[in-house]
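These notes are about the structure you will find just below.
Atom set for the values below is all heavy atoms of this structure, side chains included, hydrogens, waters and symmetry mates excluded. A, B, ... follow the sequence lines: proteins, then strands. Residue 1 opens every chain.
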Amino acid sequence: MNAASVAPDVEIPFDHRQSAHCESGVIASLLRHQNLPISEPMAFGIAAGLGFAYLPFIKFGGLPLFAYRMPPGSIIRGLTRRLGIEMHFETFRQPAAGMQALDQYLSRGRAVGIQTSAFWLSYFPPDMRFHFNAHNLVVYGKHGNNYLISDPVIDIRVECDADSLRKARFTRGVLAPKGLLYYPQYIPPKPDLPRAIRKAILYTTGMMLYVPVPILGVHGIRMVARKIRNLQSRAQHHNKLLLGHMVRMQEEIGTGGAGFRFLYASFLQEAAGVLGKPGLAAMADELTAVGDEWRRFALHAAKMCKGRMPMDYGLLADQLLDCAEREARIYKRLRAEVK
Amino acid sequence: MKKNEVPQQNAKAFMGHSKVLYALDEQGRYVPTPCNGWEAEEIVLDQAIAEFQHSAAAAWQRARQGVGSALEYHMYRQRMDLVLLAQSTGFFRWRVRRHLRPGVFEKLSNRCRQHYAEALGLAPAQLDVLPDQL
């Protein structure tokens, strides 16, 4: 019998609340755990998590990457930087050392966030398990050989056996977690929320409007629209895979709906109250309407893949262009609102 | 999207779980709302899984006929492809491609096998085993 399995059981009281997205959910619940009440949309918004990127040179199963948000890791870093929170991050070379450190934090009564692959987590429904290395969750205890986990995208508390968790924490490849483990080390007594919100909105809208690269922000959306309009009908199998892949990135991978647009609208609504600017709430309503259009795009694309609707690349491209134009208008007015 | 418009189509893949979407309540305020499945998501998820199954079935056929290796079958079964398997073993792609050839695969050293076994989450002895049927 090894040392890990004779360690006494621990369970740290932890409030499990389901979230839309793993990273914003984990950091919001870790901060709540240390008495800084913050909602998931607020965490996502202040982190300036919203984005759009079309990265044709990064391939997943031969398909380009569509991202509706900033890269993994940037939510935690963005949020804590703007609020003056100091995080403790730790990675490990040896899996055994990483597991031992986790056990030690738990035995000292500290719940920690960790980065894992989604494929090896034994509690994930089998059909939802894919090799995505930047999933985040909170470990808050250990019973025998099982870790007690608050996974923000799952509706209930779950458990994962030590072997699976070790594998999930130490997979290799793109975005390899290297056993990453983190917790807030210092939280300022009174973070300046209004200032952080304004800075974050300026950052996000600047990113979406003015980065002079054709694959990012609203330019990126327009480029994808062009690509879809020009798809060749003879490569229909590949085109269907491409559209399906895009819809999965938009809806399935814990985005809160419409590729994070609803999550961001929720943030704007909350920010309107904090800043006392009703104009932001009006923008939230408009972003909701754009989100609804993204959802219609997803439904059309999916139905076309399945043959429940005739394939019409022009229609999908028009929908995307519409989203891009409307988002551009919203971001410009948001900038005027907070400047 | 309003709260009462959030689709509840009981997706098989969720196995009774639900996820959270942000939707508007009666007063027009955003609230986290559970969703247990949506047609669009179900279609694209099925499509992604079917693609892996299709590749695995093709690899199984090739291995049966002796022109492919069991390793290739296991790779697709564990929802990987050549690029991903190369990344998770640390081998170059050309090396993995070579190892996927049946003759080469049989002569693989124990150390190499160990790398593949670890990446695929299988016992090293299982790497050669091809199931009798799919």
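Within the 4.5 angstrom heavy-atom criterion, only side-chain atoms of A:Gln269, from C-beta onward, approach chain B. Contacts of A:Pro126 with chain B are made by both backbone and side-chain atoms, with heavy-atom separations under 4.5 Å. When heavy atoms are compared at a cutoff of 4.5 Å, A:Phe119 approaches chain B solely by way of its side chain, counted from C-beta outward. Contact of B:Ala119 with chain A is made through the backbone alone, with heavy-atom distances under 4.5 Å. For B:Leu82, no part lies near chain A; criterion is any non-hydrogen pair under 4.5 Å. In this structure, no portion of A:Ala176 lies under 4.5 Å from any heavy atom of chain B. Of the atoms belonging to B:Gln78, heavy atoms from both backbone and side chain fall under 4.5 Å from chain A. With a threshold of 4.5 angstrom between heavy atoms, A:Thr171 does not approach chain B through any atom at all.
Under 4.0 Å is where a charged nitrogen must lie from a carboxylate oxygen, and between A:Arg308 and B:Glu39 at least one such pair does.
Taking B:Arg79, B:Met15, B:Glu41 one by one and counting their heavy-atom pairs under 4.5 Å with chain A, the maximum is reached by B:Arg79.
Remark: the backbone N or O of B:Pro32 is not paired with any side-chain donor or acceptor of A:Glu40 at under 3.5 angstrom. For the pair A:Lys167 (side chain) and B:Glu118 (backbone), a donor-acceptor distance under 3.5 Å is present. Under the 3.5 Å distance criterion, the side-chain polar atoms of A:Asp155 are left unmatched by any main-chain donor or acceptor of B:His17.
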Side-chain donor-acceptor distances from residues 43-55 of chain B under 3.5 Å, at least two apart:
residue : atom : partner  : partner atom : Å
B:Gln47 : NE2  : A:Lys240 : O            : 2.9
B:Glu51 : OE1  : A:His237 : NE2          : 3.2
B:Ser55 : OG   : B:Glu51  : O            : 3.1

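The shortest distance between side-chain heavy atoms of A:Arg295 and B:Pro7 falls below 4.5 Å.
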